[in-house]
Amino acid sequence: MSKLTAQGSSLISTMAINDNKAGMEGLNKEKINQIIFEASKGSKFFENEQKKEEQLNQKILEQQILISSLSSAMLFHGLKEADELIEKLKACQDLSHTIVHVDMDAFYAAVEMRDDPRLKDKPMAVGGMSMLSTSNYIARKYGVRAAMPGFIALKLCPNLVLVEPNFTKYTAVSQEIREIFAQYDPNFSPMSLDEAYLDLTEHLIYRRGSSNLCRIFLLRLKTDNSSIVVNDLECTCNLNAVLRPSVINLEELKINSVSSENLQEYLNSLDFSNFNLPKDCQVCNKKLPPFSLKLYDTTVEDAVLEMRNRIEQRTFLTASAGIAPNTMLAKVCSDRNKPNGQFQIHPDVQEIEEFMKNLPIRKISGIGKVTEKLLGSLNISLCSDLYKQRALLYHAFSSLTFQYFMKITLGMGSTSLEKDEERKSLSTERTFAEISDPAQLYEKCAELCQHLAKDLNEEQLMGKTVSLKIKTISFEIKTRSHTLQCYTNDEKIIFNAAKQLLKVEIDSVKQSLLRLRLMGVRMSKLVPQASNQVSIVSLFHQSNRLTSTASRTNTHNFNIQKTDFDEKDFSTSINILEANDPVLESTMTTRHSQKSLFQKTQSPQKKSIESGMKNSIMKFVSKSERCSDKIANNCYVESNIKVENNNNLRNLDCENSSSTSLKLQSNSKSNFSNAAMQNVSQATLISSVESKQKTFISCPVCGQQKFDWPLDQLNQHMDLCLSRKTIKTILQDDKNSNKRGAVQVENDDSLPSVPKRKKTQIAVDSYFK
DNA sequence: TACATACAC
DNA sequence: AATGGTGTATGTA
């Protein structure tokens with residue numbers, strides 16, 4: 001392995017090919033690594049990789065030192081802690097879910113091969129000279145794989161055909177497979193265009209009670225065993241959409257008279273030329289292809305096989321799937337029989353344990369090349385080794401990472417598919433031929449900011465923290481960030497911040513040039529632009545002791561003064577606000593009931609507003625909590641100063657150019673939420689100060705007061721306060737009930753369920769009616 | 001809050 | 001000649 005060159009450089013372990021990916025088994029790794037090495041050595045990229053490798057080796061060394069310093073007592077302690085954790089984890093192991101991970105085989109490459117049969121028997125990859133997205137299985141035999149630059153791939157495989165990516169096409173195919181996913185789990189969780197997690201638990205219950213007819217699907221007859229051969233004259237529409245309904249409705253089918261055991265045999269014996277079926281597709285008018293009928297069982301295996309077959313019938317592409325009690329295992333399983341296969345781990349502790357025993361840690365999602373090497377230095381390469389070395393791991397890693405490792409050895413993972421949370425950041429970055437001229441660097445920065453602002457506007461988002469990312473021509477990456485005083489998605493404000501961050505970097509390399517190969521800008525701390533004023537008003541309205549001076553200080557040009565609202569008539573104030581919100585306005589006119597109003601206010605953005613508000617509130621509260629009894633007054637003064645300062649900073653941040661202040665005015669809504677938070681914070685603080693003796697925090701949402709509230713309790717309480725149920729209750733009960741304490745936990749099951757996260761719009765056809 | 005690192009796709 | 005872009009999580013200071 002330690003092949004040395006004349007230059008004294010050697011292969012970099014983290015750069016070497018790994019046989020981790022499917023289709024990479026049994027190839028000449030030695031030779032491949034040598035070619036990669038020869039093609040890379042001496043480049044700036046390679047030098048940077050070497051530097052990173054050295055850093056990693058240093059880290060390993062430090063880790064070794066730490067470990068050798070552990071006394072046996074400490075090791076024993078680590079063992080004890082590990083075993084206790086393991087017991088706890090085992091106690092809450094949940095094997096009741098059936099999670100499936102579906103992954104299209106060599107997706108982009110497969111799409112290109114499908115659409116250009118000339119590629120079918122050739123090694124090919126999707127991407128360009130600098131980077132490949134994916135390769136087909138023929139190319140993988142040569143070591144050509146995703147994330148490899150095209151020019152190196154060509155050295156490995158001179159006959160490699162490179163195909164430019166066509167994302168529009170991949171997105172369209174993705175839409176098709178997602179329609180199928182949705183029929184098995186409407187809440188499926190897509191991870192990318194080509195893969196998704198599904199929770200089949202519910203589906204399987206329905207499935208067991210379903211009639212055989214629901215589980216019969218059409219398969220095109222294959223001449224070839226590997227892939228569907230498409231005849232130019234034949235219809236390539238979704239057979240199970242255009243023809244299946246007619247077939248299933250056939251009088252002659254009479255499957256009820258056939259026993260389940262003999263049904264498949266019976267289906268095979270049917271001759272559809274005798275039946276009254278259309279000869280041509282109603283959609284494309286082409287001839288319908290010959291087909292067979294396949295009956296799928298009620299088991300998971302058959303459910304997943306059915307799904308995969310339907311994907312293939314629809315897209316002419318194959319998928320692989322993994323079935324297991326949690327996402328971590330399902331993901332590993334989907335890789336096991338790739339391509340075009342599936343694998344199941346049954347919900348059985350023994351079986352899971354057996355499976356994990358010989359599983360390389362690198363197969364686990366979340367363990368990459370660095371962690372693999374780090375663990376390798378502790379003689380850990382299999383998942384069972386994580387258990388063997390648990391005493392060491394306890395000391396060598398953070399508590400979170402340690403827990404993660406212990407979960408892995410036990411074969412545990414997430415048993416529910418996370419809800420699509422609001423995005424946390426949005427960014428754009430570009431690699432380019434070296435730029436070192438400051439004017440050109442600023443120009444590039446401006447371009448990126450324009451791009452980012454456009455994206456933010458399209459997503460109806462505003463953010464507070466602007467980050468600049470730069471990569472020098474020697475591949476060193478730096479990020480610099482600045483948090484603004486107000487949320488924005490204004491191009492000029494973003495550029496002003498990014499520009500200053502860039503200036504510092506340009507200035508920091510005195511007497512020489514900042515030579516870059518990449519620049520990027522990112523916006524984080526995001527809030528929805530169509531600010532949900534119901535929630536914000538509820539904050540003002542309900543927050544007690546909100547002084548009118550405090551309200552007016554920061555609202556700028558917002559057209560409604562919060563103090564104008566009649567405290568008693570909460571629903572009225574909401575309506576007024578809504579009528580002033582262009583987004584909500586349109587729904588106001590068509591609104592017939594409280595329900596529709598409610599649904600509107602529960603837009604997907606709602607959640608993040610809540611969490612955004614809560615974060616801001618909590619941040620403040622935690623700050624005020626830190627003020628002890630004695631310095632409560634000082635705290636108040638400091639807070640005033642801080643607000644003043646913020647105003648100054650805001651000017652600095654936002655008034656970068658002559659046109660900006662004007663822009664800001666038209667954008668005043670954006671300031672509102674921020675100003676709102678400050679006011680609320682101030683109000684909360686005032687009440688806190690007025691109480692003099694203790695940190696007296698009143699919930700800014702419901703106004704309920706608590707003495708010395710522990711933060712997590714307040715946090716929890718605010719979750720409830722900000723929840724839709726509560727808001728609905730306020731809407732309904734506002735007039736007759738004035739007691740603040742009424743806003744509490746409720747379990748009104750009659751309420752409509754929370755709309756699920758916004759998923760790709762999918763027409764779910766009536767499967768299992 | 002700022003920054004770096006690791007990771008997935 | 002040539003090694004991506006987007007987003008999340010986590011550790012550290």
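Each chain gets a letter, A, B and so on, in the order the sequences are listed, and its residues count up from 1.
- Considering only side-chain atoms of D194(A), the nucleotide from dA4(B), dG4(C), dC9(B) that sits closest is dC9(B).
- For dC7(B), the OP1/OP2 oxygens have a side-chain nitrogen or oxygen of T371(A) closer than 4.0 Å.
- Checking dC9(B), dG5(C), dG11(C) against the side-chain heavy atoms of L518(A) singles out dG5(C) as nearest.
- The shortest side-chain heavy-atom distance between K373(A) and N57(A) falls under the 4.5 Å cut-off.
- Between T431(A) and the phosphate of dG5(C), there is a side-chain N or O to OP1/OP2 separation shorter than 4.0 Å.
- Among the atoms of the strands shown, none is found under 4.0 Å from any heavy atom of L468(A).
- The residue L193(A) sits apart from the nucleic acid: no heavy atom pair falls under 4.0 Å.
- Base engagement by R522(A) is indicated by at least one non-hydrogen atom pair under 4.0 Å involving a base atom.
- Proximity note for T428(A) (side chain, C-beta onward) versus dG11(C), dT6(C), dG4(C): the nearest is dT6(C).
- Comparing Q55(A) and S365(A), the nucleotide of DNA chain B nearest to each residue sits closer to the 5' end for Q55(A).
- When the side-chain nitrogen and oxygen atoms of K525(A) are compared with OP1 and OP2 of dT1(B), one or more of them lie within a distance under 4.0 Å.
- With distances taken from any side-chain atom of S398(A) to the nucleotides dC3(B), dC9(B), dG11(C), the minimum falls on dG11(C).
- Regarding contacts with the backbone of dG4(C), every side-chain N or O of S130(A) stays at 4.0 angstrom or more from both OP1 and OP2.
- The neighbour count for K407(A) NZ, taken as heavy atoms of other residues, nucleotides or ligands under 6.0 Å away, does not exceed 12.
- Of the charged side-chain nitrogens involved, none lies within less than 4.0 Å of a carboxylate oxygen, so that E54(A) and K51(A) do not count as a salt-bridged pair.
- For the OP1/OP2 pair of dT6(C) and a distance below 4.0 Å, the side-chain nitrogens and oxygens of R430(A) include at least one atom meeting the criterion.
- Listed pair R423(A) / dT6(C) fails the phosphate criterion, with no side-chain N or O lying under 4.0 Å from OP1 or OP2.
- Between F181(A) and I311(A), the closest side-chain pair of non-hydrogen atoms falls below 4.5 Å.
- Contact annotation for K44(A): no contact, since no heavy-atom pair falls under 4.0 Å across all strands.
- Among the protein residues, K331(A) comes within range of the sugar-phosphate backbone only, with heavy atoms under 4.0 Å from sugar or phosphate atoms but none that close to a base.
- The side chain of H482(A) lies closest to dA2(B) when the candidates are dG4(C), dA2(B), dT8(C).
- Among the heavy atoms of the strands, none lies under 4.0 Å from S467(A).
- Residue L359(A) is tested with I408(A), I364(A), L329(A), L382(A) for a side-chain contact (heavy atoms from CB on, under 4.5 Å); the sole match is I364(A).
- Relative to the side chain of L400(A), the nucleotides dT10(C), dC3(B), dC7(B) differ in distance, and dT10(C) lies closest.
- Between E447(A) and R430(A), no side-chain nitrogen of the basic residue sits less than 4.0 Å from a carboxylate oxygen of the acidic one, so the salt-bridge criterion is not met.
- OP1 and OP2 of dC3(B) both lie 4.0 Å or more from every side-chain N or O belonging to K478(A).
- Side chain of V370(A), nearest nucleotide from dA2(C), dC7(B), dA8(B): dC7(B).
- The side chain of S43(A) places no N or O atom within less than 4.0 Å of a non-bridging phosphate oxygen (OP1 or OP2) of dA2(C).
- E49(A) comes within 4.0 angstrom of no nucleic acid atom, judged by non-hydrogen atoms across all strands.
- Here T479(A) reaches the OP1 or OP2 of dA4(B): one of its side-chain N or O atoms lies under 4.0 Å away.
- Among the heavy atoms of the strands lying under 4.0 Å from K471(A) are primed sugar atoms or P, OP1, OP2 only; no base atom is included.
- If you check every strand for non-hydrogen atoms under 4.0 Å, S133(A) touches nothing.
- In this structure, the nucleotide among dT6(C), dG4(C), dC3(B) sitting nearest to the side chain of M131(A) is dG4(C).
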